[in-house]
2 protein chains.
Amino acid sequence: MTNIDAPDSSRLMSIAAVERDCGLPKDTLRVWERRYGFPKPLRDHNDERLYPADQVATLRLLRRLVAAGHRPGRVVGRPDEDLFALLRQIDSQAPRSVGGEGQQVLKLLEAYDAAGLREVLNAMVMRAGLGAFAAEIGPGLAEAVGVAWSRGELEIHQEHLFTEQFTTVLRSAINAAQGAGVPRRRPRVLFSTFPQEPHALGLLMAEAMFTLEGCLGISLGVQTPIPEIAAAARAHEVDILALSFSSMIPVTQAVAGLSELRALVPSTVEIWAGGACAGLRPKPGVRVLRALAAIGPAVTAWRACEDGRIAQV
Amino acid sequence: MTNIDAPDSSRLMSIAAVERDCGLPKDTLRVWERRYGFPKPLRDHNDERLYPADQVATLRLLRRLVAAGHRPGRVVGRPDEDLFALLRQIDSQAPRSVGGEGQQVLKLLEAYDAAGLREVLNAMVMRAGLGAFAAEIGPGLAEAVGVAWSRGELEIHQEHLFTEQFTTVLRSAINAAQGAGVPRRRPRVLFSTFPQEPHALGLLMAEAMFTLEGCLGISLGVQTPIPEIAAAARAHEVDILALSFSSMIPVTQAVAGLSELRALVPSTVEIWAGGACAGLRPKPGVRVLRALAAIGPAVTAWRACEDGRIAQV
DNA sequence: TCCGCGTGTTTGTCCTGGACAAATACGCCT
DNA sequence: AGGCGTATTTGTCCAGGACAAACACGCGGA
């Protein structure tokens, strides 16, 4: 039966805990160990793997490198220095803009200043406006925090703190925008994420963008089973299903889930996918929006198309 | 490499797709097949399992029955009629008299009326006040929805919808209360849940109660690793750790986690636990609050005690 | 009658080592 | 340089065995 599985108890983690923490399936962890000699976990009295914290940290680096295109055979098992060097290489050629806002937020997080963080985020929304905040500043902040965390510069609880404050600020801004005079009209949009995707930030930013366009939005929150997303789409008679994918979710699961979902909802319902997940590719019946800023024009286009369809009839 | 995994193409699903949709791990699916002879999937040319849609539907029934307390050995493999009969039996013996508010909310959920639901919840807060809403009405609503779901009267996505609207309304009420004139002062309280506990509603209602008492609240959101909760408690120099436990979390894990946490934080930090989890018992250094209404008096008592300690010095 | 406790059964998760197809890299020919 | 067939890499699946935690059951004492 399941062990207590404290995901960090005494700095040793079970294979299930590592799977959750790093997003690498159990099978993959075992086959890497067999083929490349890494990771090399300790064993408990029953011969079950116990991963030390440092190996888990290295696994997180590896996950980022593989997601960035490196092949496991070339990087798994190499010393941490090499991995850091490769990561720096990627980071440097990445667009790279942890702007001043990012620095400011990281400083507040390091000082554990929750109230100050919230004030600063609120000020950013006020100054830049909800659209610019959700489309540009927000993703930048989220990435800066994610990078700092994967580098070990931030504790998990600091990341939680950021998420919580960010959510609060953005949600209240969305509420304010909904209350404002703009009349709500179609498309009707349903927001959610797949069961393996617990990150709500991307979804919330998307919701902000759709709200600014005057769409009718309904959110199911995160981690809805795929058949349930389909059922909700039918029940609410939505025009668009908006799904968010972070870089943590395995690409294979994302595309498999999208196929499944596509088969379950009528073709009149569009599926729009977005988020930091790298390998996301457009497929028949699934639209991929690379950036949040693309949502506005896409909604405009949808409305034009819809008007055309009505005129035809 | 992974198959395309079209999990519904021609109504046959791979084992990975079934894991996603039913929430039953691959290992469990295989061991049920080995031990009980069900499910009995077809095989593809490479001997991999292909589950027909009807078996997947039965697996969903089984999951509900097992969650309701039936043991797999007694139900897996029995014909669908029996399973339906058992489900009806569970439903009928469920307690349940739901208040007028619960009825209203359930009706709105059945009508998929998200906007109406939000309005009604908002009206409840206004009429009853935040304290009565969080301490009495909220828990009643949450239970009514939970019961309706376990009876199969509500889909998962309807429960998600409720959670989302409830969260939005309560959070904005908390924000308003924080903004209001009451000066914030100690105790400083940190909110979170254990890693196995994804339910945020109880935590949010507790946050509302503490906020009304004028406490300094910091939330980490749900599912924080236990060592991280301890680290955050030290970093933020909190006086009280407030933890929420739903009835879904195994009691053994809850008490084990509380012991672990108690050992990790200084004894000057109090740990207060609450929620619907039945077996929660007070232990040395851990206080159990049975109802949300108990928070107010408890905070008053804490302050009195604290004043005494200061006076002594 | 009810509760606490030791014993036996059930159950989920982990293990090893092998297999294979999809994805990717490589070498060859035009 | 660019298209194409072959070789390597890689993730996921399989079988069948093992074990500890969770659970049910029966016994003896209050």
Side-chain angles (χ1 to χ4, degrees), chain A residues 1-6 12-20 22-36 38 41-51 59 62-63 65-77 250-256 259 278-279 281, chain B residues 1-7 12-20 22-36 38-51 59 62-63 65-77 196 249-256 279:
Chain A
M1 212 70 67
T2 178
N3 47 3
I4 299 174
D5 208 10
L12 290 175
M13 297 166 68
S14 73
I15 194 171
V18 176
E19 176 182 38
R20 273 201 308 276
C22 301
L24 293 167
K26 296 191 244 282
D27 275 324
T28 300
L29 289 169
R30 284 195 273 255
V31 89
W32 281 10
E33 181 181 343
R34 199 198 311 170
R35 287 184 184 149
Y36 315 123
F38 185 91
L42 310 175
R43 300 296 180 122
D44 70 2
H45 68 100
N46 192 34
D47 221 32
E48 302 194 350
R49 291 171 174 80
L50 289 176
Y51 295 82
L59 284 170
L62 288 170
R63 193 183 182 311
L65 285 171
V66 171
H70 283 87
R71 305 199 64 173
R74 304 274 157 197
V75 289
V76 178
V251 184
T252 62
Q253 301 220 359
V255 300
S259 299
R281 287 184 312 182
Chain B
M1 211 68 67
T2 178
N3 46 3
I4 299 174
D5 206 9
L12 291 176
M13 298 167 68
S14 73
I15 194 170
V18 176
E19 176 181 39
R20 277 201 309 277
C22 300
L24 294 166
K26 296 191 243 281
D27 273 325
T28 300
L29 289 169
R30 283 195 273 255
V31 88
W32 280 11
E33 181 180 343
R34 197 198 315 169
R35 288 183 182 150
Y36 315 123
F38 184 89
K40 202 153 197 118
L42 309 175
R43 299 297 179 123
D44 71 1
H45 69 99
N46 191 34
D47 219 32
E48 302 195 349
R49 291 172 175 78
L50 290 177
Y51 294 82
L59 284 169
L62 288 169
R63 184 162 162 45
L65 284 171
V66 170
H70 282 87
R71 307 198 63 174
R74 303 276 157 196
V75 288
V76 178
Q196 302 84 3
I249 192 172
V251 183
T252 60
Q253 300 212 1
V255 300

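So you know, we letter chains A, B, ... as the sequences are listed, proteins then strands, and number each from 1. Remember, it's a predicted structure, so these values are computed and weren't measured experimentally.
- Atom-to-atom, CG of B:Leu62 to P of C:dG12 comes out at 11 Å; the value is rounded to the nearest Å.
- Annotation for B:Leu29 and B:Pro39: closest pair O-CD, 4.2 Å, computed over non-hydrogen atoms.
- Closest approach of A:Gly77 and A:Phe38 over heavy atoms only: CA-CB, 4.0 Å.
- Comparing atom distances between the A:Val31 side chain and each of C:dT13, D:dT12, D:dA15 picks out D:dT12 as nearest.
- When distances run from any side-chain atom of B:Glu48 to the nucleotides C:dC15, D:dC13, D:dT10, the shortest one goes to D:dC13.
- Dashed line: the shortest gap from a side-chain N or O of A:Arg71 to OP1 or OP2 of C:dT24 is not under 4.0 Å.
- Contact detail for B:Arg63 and B:Gly23: the closest heavy-atom pair is NE-CA, 4.2 Å.
- The side chain of B:Pro25 has C:dT13 as its nearest neighbour among C:dT13, C:dT11, D:dC14.
- The two atoms that bring A:Pro25 and A:Glu19 nearest to each other are CA-OE2, 3.6 Å, heavy atoms only.
- Here the C1' atom of nucleotide D:dC13 and the CD atom of B:Glu19 are 12 Å apart, to the nearest Å.
- Atom CE in B:Met13 sits roughly 16 Å away from atom C1' in D:dC13 (whole-Å rounding).
- Straight-line distance from the CZ atom of A:Arg74 to the P atom of C:dT24: 15 Å, rounded to whole Å.
- Put simply, CG on B:Asp44 is 12 Å from P on C:dC20, counting in whole angstrom units.
- With hydrogens and angles left out, the side chain of B:Arg34 and the base of D:dG17 share a donor-acceptor pair within 3.5 Å.
- Of the two residues contacting DNA chain D, namely A:Gly73 and B:Lys26, the nearest-nucleotide position lying further toward the 5' end is that of A:Gly73.
- Counting to the nearest Å, the P atom of D:dG11 and the CD atom of A:Glu33 are 15 Å from each other.
- The phosphate of D:dG11 (OP1 or OP2) has a side-chain N or O of A:Trp32 nearer than 4.0 angstrom.
- For A:Asp27, the side-chain atoms get nearest to D:dC13 when compared with the rest of C:dT13, D:dC13, D:dT10.
- Straight-line distance from the CG atom of A:Leu24 to the C1' atom of D:dT10: 13 Å, rounded to whole Å.
- Look at CG on A:Asp47: it is 13 Å from C1' on D:dG17, rounded to the nearest Å.
- If you find the closest nucleotide of DNA chain D to B:Leu50 and to A:Arg35, the one lying nearer the 5' end belongs to A:Arg35.
- Side-chain proximity of A:Asn46 to C:dT16, D:dC19, C:dC20: nearest is D:dC19.
- Annotation: of the two residues near DNA chain C, A:Gly69 and A:Ile15, the 5′-most nearest-nucleotide partner is A:Ile15.
- Taking only side-chain nitrogens and oxygens, A:Tyr36 never comes nearer than 4.0 Å to OP1 or OP2 of D:dT9.
- Out of D:dC13, C:dT10, C:dC14, the shortest distance to the side chain of B:Arg30 is found at D:dC13.
- Proximity of B:His45 to the phosphate of C:dC20: no side-chain N or O atom is located under 4.0 Å from OP1 or OP2.
- B:Arg49 places no side-chain N or O within 3.5 Å of a backbone atom of B:Ile15 that could act as its donor or acceptor partner.
- Not one side-chain nitrogen or oxygen of A:Thr28 sits closer than 4.0 Å to the OP1 or OP2 atom of D:dT10.
- Closest of all the heavy-atom pairs between B:Pro41 and B:Leu50 is CB-O, 3.4 Å.
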